[in-house]
Each structure stands twice: as structure tokens, then as C-alpha cells.
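Reviewing the structure listed below.
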Amino acid sequence: TKENTWKEAIDPNTYQMYYYNTVTGVSQWERPIEMGATPLATGWFGRGQSGATAQVYVDLNTKYLSRPARKQKDFVDPSKYHMEGAQEYNIWYGRYIGDYEDNKSKEAAADRCVLIKDAGKTTADKASMNKTTNNQTTNKKKTRHYFCLHFARGMCAKGSNCIFYHRIPLPIDDANTDELYDCFGRQRHNKHRDDMSGVGSFMKPCRTLFVGGLNKHKYNTPKELEDAVWKHFAEWGELENVNVVHRLSIAFPRYRLRTSAEFAKEAMDRQALDQGEILSVRWAHDDPNPVAQEAIDKANKD
């Protein structure tokens, strides 16, 4: 078997993936034919075409940051929601002590984030801009900013005064996020929880979500359901692939960025598509498919 001479790499300027040939030195954005087709399963790795739509999200974020972030709620009941970063964090249960324990997975979420009207500039963006302008070399851990968990769930009452980002993660944010933390600043665990909920695992990073609760019978065609999954999950970041298993009424959207998957998981849990579903969104299990496993090995080596 002829050895593949193409490798994946990340452009340091745009943080986008490209491909280069270790023998000829040729580089290109498109996935080379020699690397074979991308596994269209539930695998966590195995990237497809380069970020063709990535610039769309960059442009949208630029537009959103030209305005102050909107308050999604006027008041948040403190007895039901914790303040991000406050109180002691229980790493086993994946939540803060005193956090509102929401075991009503059968009930629809009361709020939803709508980027087109909610996203905007916050205190975190202003601090980041000042740091860049002044070219400060302060401690990176002290100056790191994260994304607002309440914003992702559609219920931040602070708006532009929030100390977290009110936008979606971009490639540069993904590159700057510590592997031990998720995009919301929560510590990730060594292993996934048994039910594949929670903040995820740093030993098995996942970019694929499991989506249950699809109302397939309310869609006229399978294509209509697939388009609905694409539309709603693409709002939170660039998707590589969406695999809908119609027989089981489940779907596996796979994101290009790990932080995009983290944001989407919080934004879409107990939300609906186009037919009043109550979605259950968790991390996807590793794909046992040998082709996907080979893609995992290649990505790890690259």
C-alpha cells in the first residue's frame, strides 16, 4: 500500500486547517483525494473539506461586536440559577454546589439564545481589545475570558455588562482555550460521565453531539428533517457533517471546533427544531467503525 504523504496542519494566522504534502511541499485548502473520503459517521475526528464557511462566522461575529449585547432577561431568580464561577464546583456531578438541579429533561427549556438579536459586545470583549491595543504581557490565566453559559442558554440578565463573551467561539478562541477547560471556563474531567452529559473529557475530546428526541413523523420527508438539524445546529459554529439515523430518530452533528460543540450542547439541550421537539443533547460515544478509528489515529499523529 502506497503511504499517504499528505498531512493536516493549522494555519497560524487564520487558525484554519489546510493540507500539505511532506514530499513535494505543496499545500492546499481542499482535502486531497489521496487521503480518502471523510468518515461520515459519529466519529470525533476525520475532518472534511477545509473551513469553507468559517469566514461566515467571523463576519457575523464582527457584525455582532459592533453593538452592545442585549439583556436576554430582566431578572433571573437566584434560587434557581448559580452565578458563573461562584461557589464550589463538584467535578463528579459536573455542576456547582447550589446549582439548580434541572432533572426535568422532559420539559422544554424556558429560554433560548437567538444570536441575531442577543449577541453583542460585553466587558470581556472590551478587556480583550484593550489588552491587544496595549500589547500587555500579563499572566495569561488571569486575563483569559470565557463564554457566558447563561447567554448560551438564553437567560443572561447582564447584557453588555457581563464579564463573559456573548457570542460564539471562533477558531482563534478554540486555539486559545486550555484543554483542561471548556469554552465556559468549567474544568473538564478525565472521563466522560456514564450518561455522556456534563462538561466532557480532556482525555477523549469530542466534537460530535448525540441528539435524541427528533419528531421524524412530523416532517414530510427525511431530507426535511436533515435540513432542520443542519439549520438549527449550524447557528453555533461550522459543521463538518450531520448524520441522521431516521430509524432511531437521533442525529449526530459534528463540529469543526471542540468549543463549538461545547457551546451548541448547552444552547440546544431541551430546545426544539421546527416541530416542537424537546431535544436531548449529550456527547456522542466513540465510533467503533474501523474507518473512523483510522481517522482518529491519523489526526492524533498529525
Side-chain angles (χ1 to χ4, degrees), residues 1-65 115 132 167-179 183 200 202 204-209 223 226-227 229-244 251-264 284 286-302:
T1 304
K2 186 178 181 181
E3 183 180 356
N4 177 35
T5 58
W6 289 93
K7 298 292 182 182
E8 295 177 351
I10 301 296
D11 178 38
N13 296 319
T14 64
Y15 293 98
Q16 296 301 306
M17 186 181 65
Y18 69 95
Y19 302 88
Y20 76 96
N21 192 301
T22 57
V23 176
T24 64
V26 173
S27 62
Q28 62 186 54
W29 295 111
E30 296 76 20
R31 183 179 177 86
I33 297 176
E34 292 85 346
M35 294 189 73
T38 304
L40 298 182
T42 62
W44 296 339
F45 296 91
R47 301 173 174 86
Q49 292 289 333
S50 63
T53 60
Q55 189 60 39
V56 173
Y57 295 96
V58 174
D59 294 340
L60 283 174
N61 260 359
T62 300
K63 178 182 177 181
Y64 297 150
L65 291 179
L115 290 177
T132 302
R167 54 182 180 82
I168 58 174
L170 296 176
I172 189 170
D173 300 310
D174 189 83
N176 291 332
T177 301
D178 193 305
E179 287 296 322
C183 68
F202 61 82
K204 288 189 175 182
C206 183
R207 296 185 291 118
T208 303
L209 300 178
K223 179 67 164 54
E226 293 171 9
D227 289 344
V229 177
W230 271 98
K231 179 181 72 173
H232 286 272
F233 280 87
E235 182 177 1
W236 317 110
E238 185 181 6
L239 287 167
E240 290 183 349
N241 178 63
V242 171
N243 182 27
V244 178
F252 297 92
R254 184 175 71 236
Y255 287 89
R256 182 167 299 280
L257 304 178
R258 185 255 296 180
T259 49
S260 295
E262 292 169 346
F263 195 100
D286 199 354
D287 192 342
N289 187 315
V291 178
Q293 289 294 321
E294 183 181 354
I296 292 175
D297 294 338
K298 283 185 178 179
N300 286 336
K301 291 178 182 178
D302 291 342

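The model shown is predicted, which means the values in this text are computed figures rather than measured ones.
Considering only heavy atoms from C-beta on, E34 stays 4.5 Å or farther from T5 through its side chain. In this structure, N241 and F252 have side chains that are not in contact, with every pair of non-hydrogen atoms separated by 4.5 Å or more. Under the 4.5 Å side-chain criterion, counting only non-hydrogen atoms from C-beta, W6 is in contact with V26.
Pairing each heavy atom of Y57 with each of A234, the nearest pair is OH-O, 2.6 Å. The two residues A284 and C206 have their closest heavy-atom pair at O-SG, 3.8 Å. T208 and R254 make their closest contact through OG1-CG, 3.3 Å (heavy atoms, listed as atom of the first residue, atom of the second, distance). Residues P169 and S260 approach most closely at O-OG, 4.2 Å, considering heavy atoms. Minimum interatomic distance between L209 and F233 (heavy atoms only, all atoms of both residues): CD1-CE2, 4.2 Å.
Taking the side-chain hydrogen bond (donor to acceptor under 3.5 Å, both in side chains) definition, one finds that T259 meets it with D174, sequence neighbours left out. By the salt bridge (charged side-chain N to carboxylate O under 4.0 Å, His left out) test, D178 pairs with no residue at all, sequence neighbours left out. For K231, the salt bridge (charged side-chain N to carboxylate O under 4.0 Å, His left out) criterion is met by D274, not counting sequence neighbours.
Atom OH of Y255 sits about 12.0 Å away from atom CZ of R207, to the nearest 0.5 Å. Distance check: L257 CG to I172 CD1 gives 12.0 Å after rounding to the nearest 0.5 Å. Once rounded to the nearest 0.5 Å, the distance linking CG of L60 with CG of L115 reads 8.5 Å.
Of the possible polar contacts, one joining the E262 side chain to the C183 backbone as a donor-acceptor pair under 3.5 Å is found. Side-chain N or O atoms of D173 include one that pairs as donor or acceptor with a backbone N or O of L170 at under 3.5 Å.
A salt bridge is defined here as a Lys NZ or Arg NE, NH1 or NH2 lying under 4.0 Å from an Asp or Glu carboxylate O, and D227 with K223 meets this definition.
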